[in-house]
Amino acid sequence: SQIDICDVDGKKITLRLFDFAGQSSFYPTHQYFLTPNAVYVVVFSLAKIPVDSRPLRMWLTNIAYSAPKSSVILVGTKRDLCSLNDEGLQ
């Protein structure tokens, strides 16, 4: 979806949201949506990281390759399903 937010110094600011939902069948199309003039929000489950961090690494690698100067905001969900020890989340 696309929302025109406002004008800043004569430039229109537009918000575009793409939800890839982690479906592997759409991986080949991601390259068409990753642009250098963007802020990326990568949402991932903290509960899955110790078991399988490949999807998170894939996203961060793709963003770094396609938009190396873009900002990335990481949002970890399901913290309540993780325990904390001396080494971090478990």
Side-chain angles (χ1 to χ4, degrees):
S1 63
Q2 177 174 315
I3 303 168
D4 291 328
I5 303 292
C6 62
D7 289 327
V8 176
D9 296 330
K11 295 182 180 180
K12 184 170 73 170
I13 303 296
T14 301
L15 174 67
R16 290 189 182 109
L17 300 173
F18 299 99
D19 180 2
F20 294 107
Q23 297 170 344
S24 59
S25 60
F26 293 111
Y27 286 174
T29 66
H30 293 169
Q31 63 184 328
Y32 300 110
F33 297 96
L34 301 177
T35 63
N37 298 324
V39 174
Y40 293 93
V41 179
V42 179
V43 181
F44 62 98
S45 170
L46 291 168
K48 292 182 180 179
I49 288 300
V51 176
D52 186 9
S53 63
R54 286 176 298 173
L56 177 59
R57 284 196 316 258
M58 184 225 33
W59 275 110
L60 295 177
T61 300
N62 286 346
I63 293 169
Y65 178 77
S66 299
K69 294 183 181 180
S70 291
S71 297
V72 177
I73 300 169
L74 297 175
V75 178
T77 63
K78 300 184 182 178
R79 166 62 180 94
D80 58 315
L81 300 179
C82 303
S83 61
L84 190 61
N85 64 19
D86 291 337
E87 297 175 8
L89 289 176
Q90 192 178 45

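Below, each value reflects all heavy atoms present in this structure, side chains not excepted, and no hydrogens, waters or symmetry copies. None of the values given here were measured: they were computed from a predicted structure.
- Side chain of T77 to backbone of F44: a donor-acceptor contact under 3.5 angstrom is found.
- Note on V43: it does not cluster hydrophobically with W59, by side-chain heavy-atom contacts below 4.5 Å among ILVMFWY residues.
- In the hydrophobic clustering of this structure, V72 groups with L34; members are Ile, Leu, Val, Met, Phe, Trp, Tyr whose side-chain heavy atoms approach within less than 4.5 Å, directly or through other members.
- Between the side chain of S70 and the backbone N or O of A38 there is at least one donor-acceptor pair closer than 3.5 Å.
- A continuous path of ILVMFWY side-chain contacts below 4.5 Å connects L60 to M58, so both sit in one hydrophobic cluster.
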